[in-house]
Chemist: 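Sharing a structure, written as structure tokens. Questions coming.
So you know, we letter chains A, B, ... as the sequences are listed, proteins then strands, and number each from 1.
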Protein chains: 2
Amino acid sequence: MVRKKRDTSAKRESILDAAIDAFIEFGFEKTSMDLIAERANSSKRTVYNHFSNKELLIEEAFNRFLRGAFESKNIEYDPGKSIEEQLSDFADTKMTLTEDSRQLGLMRVTLCAFITHPQMAERAVLFSDSQEDGLVKWLKEATLDGRLKVDNPELAAESFWSLFAGTFFWPPIIRGPVEREKGEEFKAEFIQLFLARYGSE
Amino acid sequence: MVRKKRDTSAKRESILDAAIDAFIEFGFEKTSMDLIAERANSSKRTVYNHFSNKELLIEEAFNRFLRGAFESKNIEYDPGKSIEEQLSDFADTKMTLTEDSRQLGLMRVTLCAFITHPQMAERAVLFSDSQEDGLVKWLKEATLDGRLKVDNPELAAESFWSLFAGTFFWPPIIRGPVEREKGEEFKAEFIQLFLARYGSE
DNA sequence: TACTTTAAATTACACTGGTTAGTGTAAGAT
DNA sequence: ATCTTACACTAACCAGTGTAATTTAAAGTA
């Protein structure tokens with residue numbers, strides 16, 4: 001028996017891409033499999049050959065969201081840079097996620113999926129908990145180095161994320177990107193606020 | 001000509017209640033008008049007599065959400081109470097919104113509606129902007145009274161909301177209510193954080 | 001108070017027109 | 001031999017309408 005297998009990943013990708021675009025534009029429920037096929041320049045049958053039902057498509061979109069959301073580099077402590085600069089750079093890095101309109105759209109779709117499929121949200125929470133240790137570690141190192149005074153790094157990290165997300169994550173999800181000027185102003189302010197409590201001087 | 005008009009508000013309410021419950025349980029798209037009628041112990045025709053299409057139901061649900069979200073009393077400056085106590089009480093008041101599971105469900109539905117119908121989100125943003133002046137006013141009064149040092153009350157208010165929502169609004173929307181112990185711990189922490197920058201001593 | 005009248009509100013139910021997830025198949029492409 | 005396509009098809013669901021019958025309660029009557 002000779003097995004012949006062909007590489008069909010390109011087709012699969014184009015279907016998934018088309019599906020994500022359509023989900024972003026119309027939402028999951030209102031996107032039909034026929035539309036996805038049409039946009040992927042494919043036949044509906046091929047769509048079903050790759051993803052045997054519609055749920056699998058949103059699952060894959062979700063996985064891609066997770067990958068994108070956390071692949072951006074995490075914060076690493078650098079004794080040679082000021083605390084303000086390190087926090088500011090970190091915020092800038094994370095900000096890019098909601099500046100790209102496709103990524104933003106994918107987040108919106110995913111957020112709705114979380115709300116209607118709580119089991120997806122659980123997976124995301126587990127994943128993000130495992131990832132967000134980066135900031136906690138940074139806070140500990142900065143404290144050991146005498147540059148910060150943080151008793152409870154987990155709590156401090158949560159405060160930082162709240163301050164960040166309250167301007168740079170949730171508002172863009174709902175109303176669209178933040179204007180750069182206002183963004184810079186708020187970033188400076190919340191870093192000041194953070195350091196007023198956790199700074200060492 | 002004698003006009004007879006009957007009070008049909010009870011029926012209307014029961015339909016809207018049933019609709020909201022169903023939206024919470026199944027989401028807007030997946031809730032059929034037949035189901036709403038059944039749950040309201042009414043006929044589909046009566047549903048349509050009160051709400052001539054499905055959109056009007058989500059609109060009304062949204063209006064009810066707005067009313068619920070902002071009817072809870074706003075913060076008012078009281079020179080006789082400590083700053084910590086006033087902020088803590090304010091946070092407690094706002095917290096009750098996400099402790100009630102129906103209100104939480106309604107918020108989820110509304111959030112999804114915002115994401116898929118941006119024009120609804122606009123109305124909500126306008127409404128909330130007009131309401132959230134309460135905290136700004138409080139910050140100004142506390143500053144005039146020498147109890148706080150706030151240069152930019154709008155920015156400070158935004159920081160406060162970010163800190164609050166980062167624990168007491170968004171996480172409950174996604175994963176469910178916050179455990180009381182953790183909530184108290186974080187509330188104390190974020191008030192400390194806020195006062196480290198804006199407190200007058 | 002009790003009763004009748006009457007228009008408004010509600011119901012049951014059938015029906016239309018449209019959409020959509022998913023399947024089967026045979027022919028064609030790589 | 002495997003992947004892909006075109007296309008026809010099913011079975012279900014659903015928003016919204018039309019209508020005639022039935023129930024309800026406000027207003028008029030005794």
Side-chain angles (χ1 to χ4, degrees), chain A residues 1-62 109 112-113 116-117 119-120, chain B residues 1-63 109-110 112-113 116-117 119-120:
Chain A
M1 279 289 209
V2 182
R3 303 225 160 267
K4 295 183 188 176
K5 261 195 191 171
R6 270 190 263 165
D7 179 25
T8 59
S9 59
K11 199 85 204 173
R12 189 188 159 89
E13 278 303 289
S14 77
I15 290 169
L16 188 53
D17 272 348
I20 289 174
D21 281 342
F23 292 158
I24 289 172
E25 196 168 343
F26 304 107
F28 177 67
E29 312 285 354
K30 288 195 164 178
T31 297
S32 73
M33 295 296 262
D34 289 273
L35 182 73
I36 292 170
E38 191 189 318
R39 290 201 171 191
N41 290 318
S42 145
S43 73
K44 181 157 71 159
R45 209 60 185 79
T46 303
V47 174
Y48 275 99
N49 286 342
H50 283 285
F51 303 91
S52 54
N53 60 61
K54 208 179 160 187
E55 288 285 314
L56 285 178
L57 276 167
I58 192 81
E59 287 263 340
E60 272 297 301
F62 165 65
V109 170
C112 280
T116 43
H117 303 272
Q119 73 279 10
M120 268 192 185
Chain B
M1 278 292 207
V2 184
R3 302 227 162 268
K4 291 187 193 179
K5 262 195 190 171
R6 292 197 314 227
D7 179 25
T8 60
S9 59
K11 199 84 203 173
R12 191 189 157 88
E13 278 301 290
S14 77
I15 291 169
L16 188 53
D17 271 349
I20 290 175
D21 280 343
F23 291 160
I24 290 172
E25 197 170 340
F26 305 107
F28 177 68
E29 311 285 353
K30 287 194 166 179
T31 297
S32 73
M33 296 296 261
D34 289 272
L35 182 73
I36 292 169
E38 193 188 317
R39 289 203 171 190
N41 290 317
S42 142
S43 73
K44 180 158 71 161
R45 209 59 184 78
T46 302
V47 173
Y48 275 99
N49 286 343
H50 284 285
F51 303 92
S52 54
N53 59 61
K54 210 179 159 188
E55 289 284 315
L56 285 178
L57 276 166
I58 193 79
E59 287 262 342
E60 273 296 301
F62 165 63
N63 288 335
V109 170
T110 308
C112 280
T116 43
H117 302 272
Q119 73 279 12
M120 268 194 186

Chemist: Rounded off to whole Å, could you give me the CD-to-C1' distance for the A:Glu29 and C:dT19 pair?
Modeler: 14 Å
Chemist: Among B:Leu56, B:Asn63, B:Leu57, which residue meets the side chain to side chain contact (heavy atoms under 4.5 Å, CB included) test with B:Glu60?
Modeler: B:Asn63
Chemist: Any N or O donor-acceptor pair under 3.5 Å from the base of D:dT4 to the side chain of A:Arg45?
Modeler: no
Chemist: Identify whether any heavy atom of B:Thr46 sits under 4.0 Å from a base atom; if not, whether one sits that close to sugar-phosphate; answer base, sugar-phosphate or nothing.
Modeler: base
Chemist: On the side chain of B:Arg6, is there an atom forming a donor-acceptor pair with the base of D:dA26 - under 3.5 Å, no angle test?
Modeler: no
Chemist: Decide yes or no for A:Asp34 and A:Val47: does some side-chain heavy atom of the first lie under 4.5 Å from some side-chain heavy atom of the second?
Modeler: no
Chemist: For B:Arg39 and B:Glu25, run salt bridge (Lys or Arg N to Asp or Glu O under 4.0 Å): C-alpha distance rounded to whole Å, both residues' side-chain angles, the deciding distance at 0.1 Å, then the answer.
Modeler: CA-CA 12 Å; B:Arg39 289 203 171 190; B:Glu25 197 170 340; 3.0 Å; yes
Chemist: Can you find a heavy atom in the side chain of A:His117 that is under 4.5 Å from one in the side chain of A:Ile58?
Modeler: no
Chemist: Can you check side chain to side chain contact (heavy atoms under 4.5 Å, CB included) on B:Leu35 and B:Phe26, steps first, answer last?
Modeler: CA-CA 11 Å; B:Leu35 182 73; B:Phe26 305 107; 3.6 Å; yes
Chemist: Taking only heavy atoms on the protein side, list every residue of residues 49-60 of chain A lying under 4.0 Å from any atom of DNA chain D, sorted numerically.
Modeler: A:Asn49, A:His50
Chemist: Can you name the ring-ring contact (aromatic ring centres under 6.0 Å, His included) partners of A:Phe62, sequence neighbours left out?
Modeler: A:Phe114
Chemist: Check the phosphate of D:dC9 against A:Lys44, side-chain N and O only, distance under 4.0 Å to OP1 or OP2. Yes or no?
Modeler: no
Chemist: Ignoring hydrogens and geometry beyond distance, is a side-chain donor-acceptor pair present between B:Asp7 and B:Ser9 at under 3.5 Å?
Modeler: yes
Chemist: Over how many whole Å does the gap from B:Asp7 atom CG to C:dT10 atom C1' extend?
Modeler: 15 Å
Chemist: Can you pull out the residues from residues 32-42 of chain A that lie within a 4.0 Å heavy-atom distance of DNA chain D?
Modeler: A:Asn41, A:Ser42
Chemist: In whole angstroms, how far is the P atom of D:dA15 from the NZ atom of A:Lys30?
Modeler: 11 Å
Chemist: Taking NZ, NE, NH1 and NH2 as the nitrogens, is one of them in A:Lys54 or A:Glu59 under 4.0 Å from a carboxylate oxygen of the other?
Modeler: no
Chemist: OP1, OP2 of C:dT11 versus side-chain N and O of B:Ser43: anything below 4.0 Å?
Modeler: yes
Chemist: Please check if the number of heavy atoms outside A:Glu29 that lie under 6.0 Å from its CD is greater than 12.
Modeler: yes
